[in-house]
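Everything numeric here is computed off the predicted structure, so don't read it as measured data. This chain uses plain numbering: 1 for the first residue, then up along the sequence. We use all heavy atoms of the structure for the numbers below, so side chains are in, but hydrogens, waters and symmetry mates are not.
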Amino acid sequence: MNEIKGPEIDWLAISPEIALTAGVCVVLMAGLLRARFARHTVVPLLTLVTLGATAGLVIGTWGDNTLVISGALAMDDLTRFLTLLFVAAAAACVLLSWRAMAPREAGHGEYHTLLLTAVLGMVVLAGATNLVTVFIGYELLSIPLYVLCATEMRRERSLESGLKYLIIGSVGSATLLYGLALVYGATGATSFTGIAEGVQVMRTDVLLLTGLALTIAGLAFKASIAPFHQWTPDVYEGAPTPITAFMAVATKAAAFGIVLRFFDTAVIGAVDSWAPALATLAVITIVIGNVGAIGQSSLKRLLAYSSVAQAGYMIAGVVVTTQLGVRAVVFYLAVYLLMNLAAFAVIVARERESGVGDDISSLYGLGADRPLLAWPMTIAMLALAGFPATAGFFGKVYLIEAAASNGYTWLGAVIVIGSAISLAYYLRVVAAVWMRSPVAAPSATTAAAVAAGGPRPAIAGGSVEADGDPAAVAATERIAATRRLRQPEVVALAVVCAAATIVFGVYPSPLLDLANDAGASLSQLF
């Protein structure tokens, strides 16, 4: 009688996943401790330790490109590069959440456990080489995010955000699953290598093309590609800002990771069918993202539309089906993480200080009052717009070069035009930081008084400065000065990310080398 054996598992190769799984269990158990110190300090620290261990294991196994678990998961440099991005985004989220209300209301153990579970799902999705693994990773990252968006349970907009994301996300998951099922039906395989062989024969089959269309729609939802982006502004605005920051960078990196691997590996034989569709979506996404951001007063909604436009830029690297395109996308994902985390760190700090939430008026006078926050926001906006001497400039040049190298020069021109349009809203943020008077922004005390029906804000004639009350002015300044000392980790994150954006803009070689290794993982591309 033949003995049934399970698949051989390379434990060292999947050690990052093991570290994350162990960390999920430890953090969840630590969250059950009743001591306030354990919940408020030990749990976040254990989360950071888990993320640090995962990053260490990724670095330690760098270069060992292999398929594991019967070829269902690729642990190559592309997966490892993206894993480092997920870990960095999650660590930033932990720092931004250190003094936030969401972990307190949802429970520190549950909050950080869900965060680590989402990271684990992203790693599985980014390395998936089987349709079953794709869907497991997709759901493993999505379900925790549905809950995390609603973790500020006393705030209506947060609950609304979680519900919207759940409903629309379920539709996206169903669409993706239906598409994957049709791809399997057309090719008779679930592995990417088997699908690639089947596509060579069935490349014009209606069943396959329908499956590809539904798969594109499902993945486009997760990557915020128009016209499947409608959820993005509302969810970004309503979710707790640390979670918004995490979603903006990590979820997009995971989505583009599987988009690169699926389209440039499994169905590359049908490139003539799906490449024009993706190129068209890129143009639509760039236009809708940049035009939609122009009229926004909410910084989170502005960055949501910005993320839509940025997704349009990155599609160019997928369409060209070359290693240069893959390298351009992963490089841009890395600098996109730095630019966005710098901006969101400033938004978190100003939400807590200004009393006007994420409205652009929270940045008024920031240049004179808080240079340590003003410069990171300025650098982030200029980098997102693609100004020289920032990493964003090299990222866009790399994408344009990739597009032009394989017959998509017109798509590179669209990227340039989209970047020019984006100046309308990125420079508006910079102007709010440096060219608006701080008096125009109501203090937290004034905002609370207005909410209670008390004195009017300065713009309506209720300014204590105009009333000549030095004691009130001094008290307001003391409160503001005290608040500046309460979130050093947020300010430090903003400064570090902004500095890295400049460093990689001047000297991009180290990041380019890592991106080259990641691109070489898809060896079938030229």
Side-chain angles (χ1 to χ4, degrees), residues 16-17 65 67-69 71-86 89 118-143 145 169 172-184 189-196 199 211-225 228 247 249-268 270-271 274-275 277-278 281 311 314-315 317-319 321 325-330 332-334 336 518-519 521-522 524-525:
E17 287 91 333
N65 298 331
L67 294 175
V68 297
I69 315 178
L73 193 68
M75 292 306 297
D76 52 23
D77 288 343
L78 176 59
T79 303
R80 293 188 178 93
F81 184 92
L82 294 174
T83 300
L84 291 177
L85 300 187
F86 306 149
V119 174
L120 177 59
M122 291 173 182
V123 176
V124 173
L125 181 62
T129 55
N130 188 291
L131 299 184
V132 177
T133 317
V134 169
F135 192 70
I136 291 174
Y138 190 95
E139 290 300 291
L140 192 57
L141 81 88
S142 297
I143 294 173
L145 288 177
S173 297
T175 304
L176 175 66
L177 182 60
Y178 197 10
L180 297 179
L182 292 180
V183 171
Y184 166 68
T190 59
S191 68
F192 283 9
T193 53
I195 292 171
V199 166
L212 288 179
L214 292 173
T215 301
I216 289 173
L219 294 176
F221 161 81
K222 194 60 68 179
S224 298
I225 295 172
F228 310 99
M247 291 173 58
V249 294
T251 305
K252 192 174 296 294
F256 270 97
I258 188 58
V259 166
L260 284 168
R261 199 177 293 278
F262 180 75
F263 286 100
D264 287 353
T265 301
V267 295
I268 193 170
V271 63
W274 57 258
L278 279 185
L281 286 180
M314 285 183 273
I315 296 176
V318 181
V319 170
T321 62
V326 177
R327 295 166 186 166
V329 172
V330 296
Y332 199 80
L333 285 170
Y336 179 76
S521 300
L522 303 184
Q524 76 282 358
L525 301 178

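Side chains of V330 and L260 form a contact here, defined as non-hydrogen atoms less than 4.5 Å apart. You'll find the side chain of N65 reaches within 4.5 Å of the side chain of R80, heavy atoms only. Between L333 and F256, the closest side-chain pair of non-hydrogen atoms falls below 4.5 Å. Between L141 and K222, some side-chain heavy-atom pair lies under the 4.5 Å cut-off. Residues V271 and F263 are not in side-chain contact: their nearest non-hydrogen atoms beyond the backbone lie 4.5 Å or more apart.
Summarising the geometry, atom CG belonging to L73 is positioned 6.5 Å from atom OG1 belonging to T129; distances are rounded to the nearest 0.5 Å. With rounding to the nearest 0.5 Å, the separation of CD1 in I315 from CD1 in I225 is 3.5 Å. With values rounded to the nearest 0.5 angstrom, T83 atom OG1 is found 5.5 Å from M75 atom CE. A distance of 5.5 Å separates OG1 of T251 from CE of M247, quoted to the nearest 0.5 Å.
The nearest pair of heavy atoms linking L125 to I258 is O-CD1, 3.5 Å. Heavy atoms only, all atoms of each residue included: T321 and I268 are closest at CB-CD1, 4.3 Å. Across S173 and Y138, no two heavy atoms sit closer than the pair OG-CE2, 3.2 Å. Considering every non-hydrogen atom in both W274 and I216, the closest pair reads CB-CD1, 4.3 Å. Of all the heavy atoms in V329 and M314, the pair that sits closest is CG2-O, 3.4 Å. Residue F86 comes nearest to A250 through the heavy atom pair CE2-O, 3.6 Å, listed as atom of the first residue, atom of the second, then distance.
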Let's go through T215 and F262 carefully: what are the C-alpha distance in whole Å and the side-chain angles of both, what is the deciding distance for side chain to side chain contact (heavy atoms under 4.5 Å, CB included) to 0.1 Å, and is it a yes or a no? CA-CA 10 Å; T215 301; F262 180 75; 3.9 Å; yes

I'd like to know whether I69 forms a side chain to side chain contact (heavy atoms under 4.5 Å, CB included) with T133, so could you lay out the CA-CA distance, the side-chain angles of the two residues, the decisive distance to 0.1 Å, and finally the verdict. CA-CA 10 Å; I69 315 178; T133 317; over 6 Å; no

Would you please test F192 and V134 for side chain to side chain contact (heavy atoms under 4.5 Å, CB included) and show each step? CA-CA 10 Å; F192 283 9; V134 169; 3.8 Å; yes

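Residues D77 and S521 bring no donor and acceptor atom of their side chains to less than 3.5 Å of each other. A side-chain donor from one of T79 and R261 sits under 3.5 Å from a side-chain acceptor of the other.
Looking only at distances, no side-chain donor or acceptor of S191 sits under 3.5 Å from a matching main-chain atom of N130.
Around atom CZ of F135, more than 12 heavy atoms belonging to other residues, nucleotides or ligands sit under 6.0 Å away.
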